[in-house]
Enquirer: 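Below is one structure. I have some questions about it.
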Amino acid sequence: MPLALLACETLRDELEYASKLTGVKYDTQWVESGLHNYPDKLRNQMQERLDSFFGYDKVLMAFGCCGNSVIGLKTGDFELVIPRVDDCISMLIGSVEKRIQVGQNGGIYFLTPGWLRGERNLWAEYSYAVEKYGEDTADMVMESLLGNYTYLGLLDTECYDVQEVLPSIGHMAQKLKLTQKIIPASVDYICNLLVGPWEEDRFLVVPPNSIVENFLLRIK
């Protein structure tokens, strides 16, 4: 059964690791991670990538709902499989429910090294603001944006050396006036995406030549 993969650049490390664990490798189209700030643009690029898939029975999407950007996507002559999560953070933590549980003791701004490589991440925005307006103004902007957050949470997906990343994360946390925290995570959900089974409570399976009209998150 020919399969292909549509994936977010943020998850490249995790997908490459999951591919090694499962022993599968699919033709892959990557989507720029910074487009998550613009759901309509993200949807348009997803659709362009989907339209380029020919000769596949199934296309797997390494995305969540991502601000409803998947709503309105059209499938070709293939099934489309989408994890039933709000975004990649819940995918790496294991489920929407587990993400809610992790954040019960204070708001967490989650990140991974893949997130940091994106051109339009929070730290890049802060650095730009410092350069253009000065540190005091940049701090005021970040305080406004991050008022509901207590922690800067690094997701340990076992795809990289946490100790190598911690110094830069600690620096970021200090500047953003947040507390550094390491959050256990894994690629289990991604491995499930790559090899199945695609059970209804974990995945939305869209038939060929259809439109994604709704996206129900399943929270147990």
Side-chain angles (χ1 to χ4, degrees), residues 3-19 21-22 24 26 28-40 42-43 45-47 49-50 58-73 75 79-104 107-115 118 121-122 149 151 153-159 183-206 210-220:
L3 278 76
L5 179 66
L6 179 65
C8 177
E9 281 281 357
T10 301
L11 292 173
R12 185 180 283 271
D13 291 342
E14 287 73 24
L15 280 161
E16 290 179 351
Y17 183 49
S19 181
L21 291 177
T22 58
V24 299
Y26 303 128
T28 303
Q29 292 277 357
W30 297 95
V31 175
E32 179 190 347
S33 58
L35 291 175
H36 283 77
N37 297 327
Y38 311 98
D40 290 339
L42 177 57
R43 182 184 302 108
Q45 189 164 123
M46 286 178 175
Q47 190 62 62
R49 300 292 191 271
L50 289 176
K58 198 181 299 286
V59 174
L60 312 175
M61 282 189 63
F63 284 91
C65 187
C66 299
N68 284 330
S69 60
V70 300
I71 303 299
L73 290 178
T75 62
E79 285 187 332
L80 186 64
V81 180
I82 312 173
R84 287 191 189 271
V85 291
D86 49 349
D87 58 26
C88 61
I89 294 167
S90 295
M91 197 186 311
L92 295 176
I93 292 178
S95 69
V96 177
E97 181 185 43
K98 289 180 181 178
R99 177 180 177 168
I100 293 172
Q101 292 174 347
V102 167
Q104 284 180 342
I108 304 174
Y109 196 99
F110 298 94
L111 54 82
T112 65
W115 176 87
N121 62 64
L122 182 68
Y149 294 96
Y151 302 100
L154 177 65
L155 294 177
D156 180 8
T157 60
E158 302 180 356
C159 298
I183 311 295
S186 77
V187 296
D188 290 350
Y189 211 134
I190 295 177
C191 288
N192 191 177
L193 171 67
L194 293 181
V195 299
W198 300 283
E199 297 176 350
E200 185 179 359
D201 64 330
R202 288 171 63 81
F203 297 95
L204 174 68
V205 179
V206 186
S210 301
I211 298 175
V212 181
E213 296 182 334
N214 60 65
F215 190 94
L216 298 177
L217 295 177
R218 304 295 171 88
I219 303 177
K220 295 182 179 179

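Just so you know, residue 1 is the first one in the sequence shown, and it goes up from there. Keep in mind the model is a prediction, meaning the values are calculated, not measured.
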Enquirer: Over all heavy atoms of both residues, which pair between P113 and D13 is shortest? Give the atoms and the distance, please.
Expert: CB-OD2, 4.3 Å
Enquirer: Does the side chain of F110 reach to within under 4.5 Å of the side chain of I93, using non-hydrogen atoms?
Expert: yes
Enquirer: If the test is side-chain contact (heavy atoms from CB on, under 4.5 Å), which one of V70, T75, I71 qualifies with L73?
Expert: V70
Enquirer: Rounded to the nearest 0.5 Å, what separates atom CG in L154 from atom CD1 in I108?
Expert: 11.5 Å
Enquirer: Just to verify, what does T157 make a side-chain hydrogen bond (donor to acceptor under 3.5 Å, both in side chains) with, not counting sequence neighbours?
Expert: E14
Enquirer: Please report the shortest heavy-atom distance between A7 and T28, naming the atom on each side.
Expert: CB-CG2, 4.3 Å
Enquirer: Are Q47 and R43 close enough that a side-chain donor and a side-chain acceptor fall under 3.5 Å?
Expert: no
Enquirer: Specify the closest pair of heavy atoms between P83 and F63, including all atoms of both residues, with the distance to one decimal.
Expert: CD-O, 3.2 Å
Enquirer: Pick one: which of L193, V59, L3 meets side-chain contact (heavy atoms from CB on, under 4.5 Å) with V81?
Expert: L193
Enquirer: Distance check, rounded to the nearest 0.5 Å: M91 atom CE versus D86 atom CG?
Expert: 9.5 Å
Enquirer: From E79 CD over to S210 OG, what is the distance, rounded to the nearest 0.5 angstrom?
Expert: 9.5 Å
Enquirer: Of the non-hydrogen atoms in M61 and M46, which two are nearest, and what is the gap between them?
Expert: CE-SD, 3.9 Å
Enquirer: What's the shortest heavy-atom distance between Y109 and W115, and which atoms?
Expert: CE2-CZ2, 3.6 Å
Enquirer: Is the backbone of G114 close enough, under 3.5 Å, to the side chain of R12 for a donor and an acceptor to pair up by distance?
Expert: no
Enquirer: Who pairs with D188 by side chain to side chain contact (heavy atoms under 4.5 Å, CB included), at least two apart in sequence or on another chain?
Expert: S186
Enquirer: I190 and A18: which non-hydrogen atoms are nearest, and at how many Å?
Expert: CG2-CB, 3.6 Å
Enquirer: If you measure from CG on L42 to OG on S69, what distance do you get to the nearest 0.5 Å?
Expert: 4.0 Å
Enquirer: I need the W198 CH2 to L60 CG distance, nearest 0.5 Å.
Expert: 6.0 Å
Enquirer: Just by modelled atom types, is the R202 backbone N or O under 3.5 Å from a matching donor or acceptor in the Y189 side chain?
Expert: yes
Enquirer: Find the distance between CD1 (I89) and OG1 (T10) and round it off to the nearest 0.5 Å.
Expert: 9.5 Å
Enquirer: Would the distance check show the side chain of D87 and the main-chain N or O of C65 forming a donor-acceptor pair, the cut-off being under 3.5 Å?
Expert: no
Enquirer: Please determine whether side-chain contact (heavy atoms from CB on, under 4.5 Å) holds for the pair V96 and R99, giving the CA-CA distance in whole Å, both sets of side-chain angles, and the decisive distance to 0.1 Å.
Expert: CA-CA 5 Å; V96 177; R99 177 180 177 168; 5.6 Å; no
Enquirer: Would you check if the side chain of W30 reaches a backbone N or O of L6 as a donor-acceptor pair within less than 3.5 Å?
Expert: no
